[in-house]
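Here's the structure we're looking at; comments come further down.
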Amino acid sequence: MTPEEAVAEQERLRPRVVTTTDPDLVVRHVAGLDVSYADDDRLVAAAVVLDADSLETVDSAVVHGRADFPYVPGLFAFRELPSLLDALAKLTVPPDLLVCDGQGLAHPRRFGLACHVGVLIDLPSVGVAKTPMGRFDPPGEERGAVSDLVDDGEVVGRALRTRAGVKPVFVSVGHRIDLDRACAEVLRLCVHRLPETTRRSDSLGRAHLR
DNA sequence: GCGACAG
DNA sequence: ATCTTGTCGC
């Protein structure tokens with residue numbers, strides 16, 4: 001897969017993204033996805049499913065893989081997607097929502113990792129990134145405060161203060177969810193700055209690197 | 001030409 | 001992503 005082919009693939013799949021929420025969507029189980037890297041090209045993809053109300057871990061899976069594709073901003077999904085899909089396939093508890101470590105629509109072609117994963121497995125998904133792909137005014141200092149994340153004149157996501165006084169996270173729609181709901185779901189997963197889904201999949205993957 | 005650029 | 005100690009604050 002060349003970078004040119006990867007871009008073409010994004011543009012082919014982009015029209016499949018759905019930015020509305022099914023009125024009947026009930027989020028009980030949320031899966032967090034993350035990938036950890038070794039010094040060489042080895043990697044570990046981890047998926048952890050939490051009960052959205054209690055935040056207890058109810059399922060998890062790890063997959064050892066290799067980084068085929070280089071890290072290229074805008075083509076991030078092509079590096080992590082194959083292993084993430086493998087990890088998702090190993091889950092026993094089917095998630096109602098996916099939380100990805102990266103952008104959704106807040107992407108140069110409006111098709112970040114969260115959109116890509118969501119479309120491929122046809123499940124609601126949101127992207128939660130630690131750094132923005134776009135401009136934003138600082139949200140209020142209180143937990144839950146938000147501001148628009150803007151790229152190329154479009155609102156592509158939101159800066160969300162998940163904890164008072166800490167740097168916000170950047171939430172964008174992945175698939176089959178709207179931005180308001182995406183922010184609400186992310187906020188309820190947050191005890192610390194990052195959602196528990198991200199923290200647990202990150203630590204699980206890291207632990208399996210050895 | 002220069003800066004920006006998820007993890 | 002990863003390399004990495006102490007330190008400030010609740």
Side-chain angles (χ1 to χ4, degrees), chain A residues 1 3-4 6-7 9-10 13-14 17 32-48 62-85 87 98-119 125-136 141-143 148-175 179 182 186 190-195 197-210:
Chain A
M1 169 89 66
E4 294 72 23
V7 169
E9 179 73 348
Q10 290 179 327
L13 294 174
R14 179 180 53 184
V17 172
L33 307 174
D34 190 43
V35 177
S36 298
Y37 296 88
D39 299 320
D40 45 38
D41 64 343
R42 289 177 302 115
L43 59 78
V44 173
V48 173
V62 293
V63 162
H64 290 257
R66 306 223 161 251
D68 299 303
F69 205 87
Y71 168 66
V72 180
L75 298 180
F76 181 49
F78 294 87
R79 184 170 171 81
E80 303 204 333
L81 202 49
S83 302
L84 287 177
L85 294 177
L98 306 177
V99 176
C100 299
D101 190 24
Q103 319 284 359
L105 291 176
H107 173 278
R109 286 171 294 282
R110 307 292 178 260
F111 198 73
L113 174 66
C115 300
H116 207 144
V117 176
V119 164
S125 67
V126 309
V128 178
K130 295 182 282 297
T131 57
M133 262 191 143
R135 303 179 50 76
F136 68 102
E141 289 298 312
E142 73 282 11
R143 172 182 156 93
D148 289 342
L149 179 62
V150 178
D151 178 47
D152 202 34
E154 287 181 71
V155 174
V156 295
R158 263 177 215 155
L160 170 66
R161 192 87 65 185
T162 56
R163 211 184 163 183
V166 303
K167 177 181 172 178
V169 298
F170 304 89
V171 177
S172 57
V173 166
H175 185 50
L179 188 52
V186 169
C190 291
V191 177
H192 301 288
R193 179 192 175 221
L194 297 176
T197 38
T198 303
R199 289 166 52 89
R200 288 183 208 171
S201 53
D202 177 75
S203 73
L204 178 64
R206 196 168 310 206
H208 280 260
L209 223 36
R210 305 172 185 181

Which of B:dA6, C:dA1, C:dT2 is nearest the side chain of A:Leu209? It is C:dT2

Would you kindly say whether A:Glu80 and A:Tyr71 are connected by a side-chain donor-acceptor distance under 3.5 Å? no

NA contact type, A:Leu33, heavy-atom cut-off 4.0 Å: base, sugar-phosphate, or nothing? nothing

With a 4.0 Å cutoff (strictly under), does any side-chain N or O of A:Thr131 reach OP1 or OP2 of B:dG7? yes

Are B:dG7 and A:Phe76 stacked, with the base six-membered ring and the side-chain ring centres under 5.5 Å apart and planes under 30°? no

Under 4.0 Å between any heavy atoms, over every strand shown, what does A:Gly127 touch: base, sugar-phosphate, or nothing? Just pick one. nothing

For DNA chain B, just give me the dot-bracket, please: Watson-Crick or G-U, both distances below 3.5 Å, ( ) intra-strand, [ ] crossing earlier pairs, | paired with another strand, . unpaired. .......

Which whole-number value in Å describes the distance from A:Arg79 CZ to B:dC5 P? 19 Å

What integer distance in Å separates A:Leu149:CG from B:dA6:C1'? 11 Å

Measuring only between side-chain heavy atoms, which start at C-beta, is A:Asp101 closer than 4.5 Å to A:Asp202? no

If I take atom CG in residue A:Leu43 and atom P in nucleotide B:dG7, what distance separates them, rounded to the nearest angstrom? 16 Å

Taking the side chain as every heavy atom from C-beta outward, state whether A:Ser125 and A:Val117 have any pair of such atoms under 4.5 Å apart. no

Hey, is the side chain of A:Tyr71 poking within less than 4.0 Å of OP1 or OP2 on B:dA6, counting only N and O atoms? yes

Taking side chain to side chain contact (heavy atoms under 4.5 Å, CB included) as the criterion, tell me which of A:Asp151, A:Val155, A:Val17 meets it with A:Leu105. A:Val17

Please check if the number of heavy atoms outside A:Asp39 that lie under 6.0 Å from its CG is greater than 12. no

d(CD, A:Gln103; P, B:dC5) in whole Å: 11 Å

Any side-chain N or O of A:Arg206 less than 4.0 Å from the OP1 or OP2 oxygen of C:dT2? yes

Round to a whole Å and report the spacing from CZ of A:Arg42 to C1' of C:dA1. 14 Å

Under 4.0 Å, heavy atoms only, any strand: does A:Leu113 hit a base, just the sugar-phosphate, or nothing? base

What is the separation between atom CZ on A:Arg135 and atom C1' on B:dA4, rounded to the nearest whole Å? 12 Å

A:Leu194 CG to B:dA6 C1': how many Å, rounded? 13 Å

Count the heavy atoms belonging to other residues, nucleotides or ligands that lie under 6.0 Å from CZ of A:Arg143, then report whether that count exceeds 12. yes

Whole-Å gap separating C1' (C:dA1) and CG (A:Asp41): 14 Å

Going by heavy atoms in the side chains, are A:Phe69 and A:Met1 under 4.5 Å from each other? yes

